[in-house]
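If you're wondering where the values come from, they're calculated on a predicted model, not measured in any experiment. Below, read A as the first sequence line, B as the second, and so on, with proteins coming before strands; counting in each chain starts at 1.
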2 protein chains.
Amino acid sequence: MTREPVAATEVFKALGDPIRWNIVQQMAQQEELACSILEDTLPVSKPTISYHTKILTQAGLIEVRKRGRNYFYSLRREVLRSLMDEMWLLAPGPRLVADGGEEPAERSERPALKAAVGDDSSRSAALLTW
Amino acid sequence: MTREPVAATEVFKALGDPIRWNIVQQMAQQEELACSILEDTLPVSKPTISYHTKILTQAGLIEVRKRGRNYFYSLRREVLRSLMDEMWLLAPGPRLVADGGEEPAERSERPALKAAVGDDSSRSAALLTW
DNA sequence: TCAGTAGTTCAACGAACGTCAATCTAACGG
DNA sequence: CCGTTAGATTGACGTTCGTTGAACTACTGA
């Protein structure tokens, strides 16, 4: 589960490997990614994939769902966003403060991700302060 | 110099160590940090500090200035920001698109950092789209 | 000129990381 | 049932990482 927030350095370390970064990028576009796809797209063996997905899970970056004998992984975007929040503290710049949306995180429990990744052309606008 | 942009995973890896993350955080508040301060604040030996600062330099995260026999490090916030840009692609959300400011990066050559870190209460606002 | 200081580089070490073959476990299909 | 399949675990191996003492380099100040 890993409910308590993971240290930033651990998340950075998880992202600091080419294969894991590749996995995360695939997940960002796929909304839910079958393990078999990783086996096809990555140039490493099955145990190695298992190893990397475990690290990503421990870092809180992905969520695992088991359906029958298949595994599905999904990206936990809140973790990525809260990491960006921490980085923004170090390198401030233009950024939204109040968007009237959902709470920071720890709210959506089941994977119903539908964040605008570019598929539906929903454009929005808001006032920004910093 | 490291003018060509460093791979994202290398920057992540550089940030994925507690001591280096500590160094980066200190630099974010200090605007320019003397090496001697690191020796005082960090629980490791001098060679180890040298080792970590070299990694941060190779990742493009810090800039080194030598004055006499003293070394001064400064954070390259553009690198941190462009990394946030890449992360934002994976976890989109409210964010500024056009702020009428400078170009993305590769423009300011000498270290004249003065980004609002909280010292002078300059508040700004802009329209945001995503 | 020369002892002292700031910081780097070198050499070595144990610990952690990334990889795979072999094995195991659980679910499916007949 | 029992063979097959998806994927995780285990064990082993080579590589990289983080750390330090010792040696080195460059600057200072008297």
Side-chain angles (χ1 to χ4, degrees), chain A residues 1-2 6-27 30 32-75 111, chain B residues 1-2 6-27 30 32-75 111:
Chain A
M1 285 297 176
T2 313
V6 179
T9 53
E10 189 177 344
V11 183
F12 280 131
K13 196 185 292 185
L15 295 173
D17 177 274
I19 287 187
R20 291 195 290 267
W21 180 237
N22 187 321
I23 292 176
V24 167
Q25 292 194 118
Q26 287 193 54
M27 286 186 185
Q30 225 56 64
E32 188 169 61
L33 192 60
C35 182
S36 57
I37 292 185
L38 293 179
E39 288 173 30
D40 296 342
T41 57
L42 295 177
V44 290
S45 68
K46 232 177 295 198
T48 302
I49 292 177
S50 208
Y51 165 74
H52 286 300
T53 54
K54 174 183 270 186
I55 287 185
L56 289 172
T57 304
Q58 287 171 344
L61 276 167
I62 68 177
E63 209 149 21
V64 187
R65 186 173 69 92
K66 186 177 180 181
R67 187 71 169 184
R69 55 181 163 179
N70 295 59
Y71 284 68
F72 297 91
Y73 305 104
S74 57
L75 185 61
Chain B
M1 286 296 177
T2 311
V6 179
T9 52
E10 190 176 345
V11 183
F12 280 131
K13 197 184 294 184
L15 294 173
D17 178 273
I19 287 187
R20 290 195 289 267
W21 181 237
N22 186 321
I23 292 176
V24 167
Q25 291 195 119
Q26 287 194 54
M27 287 185 184
Q30 227 54 64
E32 190 170 59
L33 193 60
C35 183
S36 58
I37 293 185
L38 292 179
E39 288 172 31
D40 295 343
T41 56
L42 295 177
V44 289
S45 67
K46 229 177 298 197
T48 302
I49 292 177
S50 209
Y51 164 74
H52 286 300
T53 54
K54 174 183 272 188
I55 287 186
L56 289 172
T57 305
Q58 289 171 344
L61 277 166
I62 68 177
E63 210 149 21
V64 186
R65 186 173 67 92
K66 186 176 180 180
R67 187 70 168 183
R69 57 180 163 180
N70 295 60
Y71 284 67
F72 297 92
Y73 306 103
S74 57
L75 185 60

Checklist entry - Taking the nucleotide of DNA chain C with the closest heavy atom to each, which residue, A:K66 or B:C35, is nearer the 5' end? => result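 The 5'-side residue here is B:C35.
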Item to check | 5' priority, DNA chain C, between A:G68 and A:P47 [closest heavy atom] | outcome: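 Going by which nucleotide is closer to the 5' end, it is A:P47.
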Quick check for you: to the nearest 0.5 Å, what is the distance between [X] atom [atom1] and [Y] atom [atom2]?
{"X": "A:H52", "Y": "A:I23", "atom1": "NE2", "atom2": "CD1", "value": "6.5 Å"}
{"X": "B:T53", "Y": "B:Q58", "atom1": "OG1", "atom2": "CD", "value": "9.5 Å"}
{"X": "A:I37", "Y": "A:I49", "atom1": "CD1", "atom2": "CD1", "value": "11.5 Å"}
{"X": "B:I19", "Y": "B:T48", "atom1": "CD1", "atom2": "OG1", "value": "7.0 Å"}

Nearest whole Å is fine: how far is [N] [atom2] from [X] [atom1]?
{"X": "A:L15", "N": "C:dG18", "atom1": "CG", "atom2": "P", "answer": "12 Å"}
{"X": "B:R67", "N": "C:dG7", "atom1": "CZ", "atom2": "C1'", "answer": "17 Å"}
{"X": "A:N70", "N": "C:dA27", "atom1": "CG", "atom2": "P", "answer": "12 Å"}
{"X": "B:F72", "N": "C:dT8", "atom1": "CZ", "atom2": "C1'", "answer": "16 Å"}
{"X": "B:I49", "N": "C:dA6", "atom1": "CD1", "atom2": "C1'", "answer": "12 Å"}
{"X": "A:R65", "N": "D:dA8", "atom1": "CZ", "atom2": "P", "answer": "14 Å"}
{"X": "A:I23", "N": "D:dG7", "atom1": "CD1", "atom2": "P", "answer": "13 Å"}
{"X": "A:K46", "N": "D:dG11", "atom1": "NZ", "atom2": "P", "answer": "20 Å"}

Item to check | Closest to the B:Y71 side chain, choosing from C:dC20, C:dT8, D:dA8 | outcome: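 Nearest nucleotide to the side chain: C:dT8.
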What are the two closest heavy atoms between [X] and [Y], and how far apart are they?
{"X": "A:A8", "Y": "B:W21", "value": "CB-NE1, 4.0 Å"}
{"X": "A:A14", "Y": "A:I55", "value": "CB-CG2, 4.2 Å"}
{"X": "B:Y71", "Y": "B:V64", "value": "CD2-CG1, 3.8 Å"}
{"X": "A:Y73", "Y": "A:C35", "value": "CE1-CB, 3.7 Å"}
{"X": "A:M27", "Y": "A:L33", "value": "CG-CD2, 3.8 Å"}

Checklist entry - Which part of the nucleic acid does A:Y73 contact within heavy-atom distance under 4.0 Å: base, sugar-phosphate only, or nothing? => result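 It contacts sugar-phosphate atoms only.
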Mind listing the N/O atom pairs, protein and nucleotides 13-18 of chain D, below 3.5 Å?
residue, atom, partner, partner atom, Å
D:dG18, OP1, B:D17, OD2, 3.3
D:dG18, OP1, B:R20, NH2, 3.2
D:dG18, OP2, B:R20, NH1, 3.3
D:dG18, OP2, B:Y51, OH, 2.5

Protein N or O to nucleotides 1-4 of chain C N or O, pairs below 3.5 Å:
residue, atom, partner, partner atom, Å
C:dG4, N2, B:R69, NH1, 2.8

Next on the checklist: Is B:K54 close enough to C:dG7 that one of its side-chain N or O atoms is under 4.0 Å from OP1 or OP2 there?
Outcome noted: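 No.
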